[in-house]
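In what follows, a single structure is set out as structure tokens and then discussed.
Convention: sequence-line order gives letters A, B, ...; per-chain numbering from 1. Just the heavy atoms: all of them, side chains too, but no hydrogens, waters or symmetry mates, feed the values below.
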Amino acid sequence: MQTYSSIQFSRKLLCHLLCKRPPISELKKIHAQIIISSHASLTDSLIHCYLHTNNVNVARILFNNYHFPSPPTLVWNLVIRAYSKLQGSLESINLFYQMLTLDHPFSAVPDEYTFTSVITSCAHQKSIVHGEIIHGMVKKNGYLMNLYVANSLINMYAVFARVDDAHKVFNEMSELDVFSWTSLLCAYAKGGKMDIASQLFEEMPARNDVSWAVMISGSVGCGRYAKALAYFCKLGKSEPKVKLNEAIIVCALSACAHLGALDQGSWIHGNIDKNGILETSNVRTALIDMYAKCGRIDCANRVFDNISKPDVHNFTSMISGLSIHGLGRHAICMFNRMLVDKIKPNEVTVLGVLNGCSHSGLVKQGLSIFYNMESSWGIVPKIEHYGCFVDLLGRAGYLAKAFGVVKSMPIDPDIVVWRALLSACRVHRNTYLGERIINHIGQLDSQSRRGAEILLSNLYASLGKWDNVSLVRQVMGKQKHQSDIGCSWIEVNGVVHEFRVADQLHPQIIEIRNKLSEILKRAGLVGYAANITHVSFDLSDEEKEQAVAWHSEKLAIAFGLMSTSPKTSIRVVKNLRTCEDCHSALKAIAKVYDREIIVRDRSRFHTFRDGKCSCNNYW
DNA sequence: CATAGGCCCG
């Protein structure tokens with residue numbers, strides 16, 4: 001066997017390998033033939049090689065067996081960097097601390113590269129404590145002046161939504177680049193302060209694709225979907241041209257999904273290839289989600305069918321899509337297919353399929369999935385799963401069992417669980433249980449109670465206990481509690497129009513309201529009568545009728561009827577659950593105007609056709 | 001040898 005005795009030759013070979021990234025087998029073969037013990041720099045190169053080919057463990061063995069007092073800083077940096085890429089691993093921080101305790105005469109000391117990597121690693125940890133300690137060291141040793149180090153600190157504080165700390169680092173920097181600005185944007189976006197982020201975005205001297213991505217994803221993150229799409233459109237027109245990337249596409253599709261903006265969503269789909277964006281798994285997941293949430297489960301299916309080996313995200317998106325369309329049995333089939341394909345479901349997948357069971361009344365199947373999720377797939381039920389499970393039982397009318405689950409669950413029930421339970425009490429008109437639940441909620445801490453108060457008031461209202469309603473409302477008024485405002489979106493000719501309950505903002509609002517009055521009159525002719533049991537204010541009947549009349553989905557539908565041609569379908573998306581009154585009104589409107597009306601509410605799709613709804617009044 | 005962004009969820 002030939003031995004590479006010449007160090008020079010070995011080095012050259014390793015350099016060559018660094019570029020080539022050979023398979024591990026070849027690397028090990030060469031490794032075996034090299035005499036490394038004689039020269040440190042060869043070990044260094046080998047470590048480098050293994051790290052380059054993602055063989056961290058082999059590199060680590062070489063690193064641990066280093067024959068010299070200490071590896072040079074550069075080698076430490078390589079290894080620390082490799083571990084920081086394994087997001088969530090503590091190892092690079094451990095190594096960093098080890099490095100500080102070295103006391104050989106020629107010890108390695110951390111430099112600006114070390115700090116950059118280790119701070120990045122801190123950003124991926126659950127806790128920021130190490131990050132703060134290391135920030136302290138950086139302050140002392142002067143590396144704060146290094147652009148990379150300071151930028152990684154801004155990013156770290158951004159990840160933890162520590163806006164003030166991020167901005168403080170930013171302010172103290174002598175030199176800023178697009179990374180500094182973008183990381184700062186990210187901090188404000190994560191901290192939910194999109195208005196300030198927008199301001200900074202205008203101020204910053206140069207923007208690139210990531211800066212735009214942060215603005216778009218930030219807007220999506222805080223529910224400003226129309227704003228996200230506005231950024232996306234602005235990006236398309238910006239000069240000089242900014243290259244689109246996968247993250248931007250995924251975020252824009254997500255915004256379309258939330259808004260039900262099918263035209264814009266399919267436009268993006270059609271333009272993916274042209275922009276050199278690959279249809280990666282992430283993009284496909286987003287496409288499936290977008291089509292499903294825009295009411296086109298057929299298109300979602302087509303995207304899914306074109307995937308040769310669907311991964312867990314693709315499956316999850318498809319299953320959730322089928323579920324919100326009320327296709328629970330299909331969702332279960334898809335879930336089973338996934339298991340056959342040996343793809344392990346994650347917690348979101350289980351949530352999706354449970355949701356499907358819930359909307360299709362598949363109680364038995366849902367029970368079996370819920371009770372087996374931990375033993376079969378190792379998924380410990382989280383509060384979300386309990387919420388869904390309680391919803392499943394509650395909707396189907398098993399109220400006592402649902403309450404039993406809530407009382408015995410190992411986690412404290414949250415607002416969602418209570419909402420599921422209380423809304424089941426409302427649907428099934430169970431006053432007795434409703435009051436017991438209210439008593440229960442009364443004993444909760446103030447924070448959970450604040451969220452529960454709106455539910456309480458709604459339940460009291462539906463029970464006709466107006467004294468209690470106003471009592472709760474008074475308390476809420478003092479706390480300035482902001483509940484979700486009813487909001488609906490409709491896309492007409494590629495433009496998304498937004499309506500809020502009792503809207504005054506839309507430029508054609510007067511016309512729309514007149515149209516709505518006329519529509520409701522005609523709906524009345526086929527038997528629709530305003531249902532005001534769920535109006536939560538203590539108003540006169542006439543006022544209550546007005547309150548439901550101006551629910552945002554009715555305004556959006558009126559606008560849709562005004563501005564689309566006869567017989568075409570009308571699609572509306574709403575952020576809350578559809579109320580009973582709107583539900584019956586839409587059935588009547590679909591019949592009188594001979595239109596298909598598709599409404600996606602907070603939890604599922606309703607397709608109104610000829611006086612009936614696809615949910616069979618089960619929602 | 002180093003830094004920024006993202007999907008599926010009641």
Side-chain angles (χ1 to χ4, degrees), chain A residues 44 47-48 51-52 72-82 84-85 111-120 123 143 146-156 158-159 177-187 189-190 208-218 220-221 245-254 257 280-290 292-293 311-321 323-324 345-352 354-355 358-359 382-392 414-417 419-420 423 577 602-604:
Chain A
D44 299 353
I47 290 174
H48 202 158
L51 291 177
H52 246 259
T73 299
L74 181 141
V75 177
W76 281 91
N77 289 348
L78 287 174
V79 179
I80 289 174
R81 164 84 191 111
S84 85
K85 275 195 170 175
D111 62 6
E112 62 266 45
Y113 293 91
T114 328
F115 279 107
T116 307
S117 295
V118 76
I119 292 167
T120 302
Y143 283 128
N146 180 281
L147 190 58
Y148 287 85
V149 174
N151 284 349
S152 58
L153 277 170
I154 299 179
N155 172 246
M156 181 188 79
V159 167
D177 67 1
V178 67
F179 282 77
S180 334
W181 282 94
T182 306
S183 298
L184 189 64
L185 288 183
C186 191
K190 280 255 166 62
N208 63 17
D209 57 329
V210 181
S211 326
W212 284 91
V214 171
M215 294 312 288
I216 296 170
S217 82
V220 170
N245 60 40
E246 193 187 340
I248 292 172
I249 295 294
V250 167
C251 291
L253 284 172
S254 170
T280 57
S281 164
N282 286 340
V283 169
R284 287 178 162 142
T285 302
L287 280 171
I288 293 167
D289 180 54
M290 182 277 292
K293 290 209 178 121
D311 66 10
V312 57
H313 295 295
N314 302 145
F315 268 113
T316 301
S317 196
M318 194 64 232
I319 290 169
S320 309
S323 294
I324 56 171
N346 64 26
E347 41 191 53
V348 184
T349 324
V350 176
L351 214 49
L354 281 177
N355 194 23
S358 176
H359 289 304
K382 298 213 310 194
I383 190 82
E384 289 92 337
H385 299 99
Y386 280 99
C388 208
F389 187 53
V390 168
D391 194 50
L392 168 82
D414 69 350
I415 176 74
V416 180
V417 174
R419 182 175 359 186
S423 90
R577 284 262 190 101
R602 190 194 191 104
S603 64
R604 64 165 292 159

Between the base of B:dG10 and the side chain of A:Glu384, is there any donor-acceptor pair under 3.5 Å?
->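 No, the side chain and the base share no sub-3.5 Å donor-acceptor pair.
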Look at the side chain of A:Asn208 against the base of B:dA4 and say whether a donor-acceptor pair falls under 3.5 Å; ignore hydrogens and angles.
->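 Such a pair is found, so the answer is yes.
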Is [X] near enough to [N] that one of its side-chain N or O atoms lies under 4.0 angstrom from OP1 or OP2?
X	N	answer
A:Asn355	B:dG10	yes
A:Ser254	B:dC8	yes
A:Arg81	B:dT3	yes

Separation of [X] atom [atom1] from [N] atom [atom2], in whole Å?
X	N	atom1	atom2	answer
A:Trp212	B:dA4	CH2	C1'	17 Å
A:Ile80	B:dA2	CD1	C1'	11 Å
A:Leu287	B:dG6	CG	C1'	14 Å
A:Asp311	B:dC8	CG	C1'	10 Å
A:Arg602	B:dC9	CZ	P	14 Å
A:Asn155	B:dG6	CG	P	10 Å
A:Asn314	B:dC7	CG	C1'	10 Å
A:Phe389	B:dG10	CZ	P	17 Å

Determine, answering yes or no, if A:Tyr148 is stacked on B:dT3 under the 5.5 Å centre rule and the 30° plane rule.
->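 No.
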Give the nucleotide from the list [options] with an atom nearest to the side chain of [X].
X	options	answer
A:Asn346	B:dA4, B:dG10, B:dC8	B:dC8
A:Thr285	B:dA4, B:dC7, B:dC1	B:dC7
A:Asn77	B:dC8, B:dC1, B:dA4	B:dC1
A:Thr116	B:dA2, B:dA4, B:dC1	B:dA2
A:Lys190	B:dC1, B:dA4, B:dG6	B:dG6
A:His313	B:dC1, B:dC8, B:dG10	B:dC8

Across the strands shown, which category fits [X] at heavy-atom distances under 4.0 angstrom: base, sugar-phosphate, nothing?
X	answer
A:Asn146	base
A:Lys293	sugar-phosphate
A:Asp414	base
A:Asp289	sugar-phosphate
A:Val214	sugar-phosphate

Only distances under 3.5 Å count here; give the side-chain donor-acceptor pairs of residues 382-390 of chain A to other protein atoms, sequence neighbours excluded, each with its distance to 0.1 Å.
residue	atom	partner	partner atom	Å
A:Lys382	NZ	A:Glu347	OE2	2.9
A:His385	ND1	A:Lys382	N	2.9
A:His385	NE2	A:Glu347	O	2.9

Can you sort out the partners of A:Asn155 under side-chain hydrogen bond (donor to acceptor under 3.5 Å, both in side chains), two or more places apart, ordered by chain and number?
->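 A:Asn155 satisfies side-chain hydrogen bond (donor to acceptor under 3.5 Å, both in side chains) with no residue once adjacent residues are dropped.
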Do A:Ile248 and A:Asp209 come within less than 4.5 Å of each other through their side chains, counting heavy atoms only?
->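 Sidechains of A:Asp209 and A:Ile248: in contact.
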Side chains of [Y] and [X]: any donor to acceptor distance under 3.5 Å?
X	Y	answer
A:Ser281	A:Asp311	yes
A:Ser358	A:Asp391	yes
A:Asn208	A:Ser211	yes

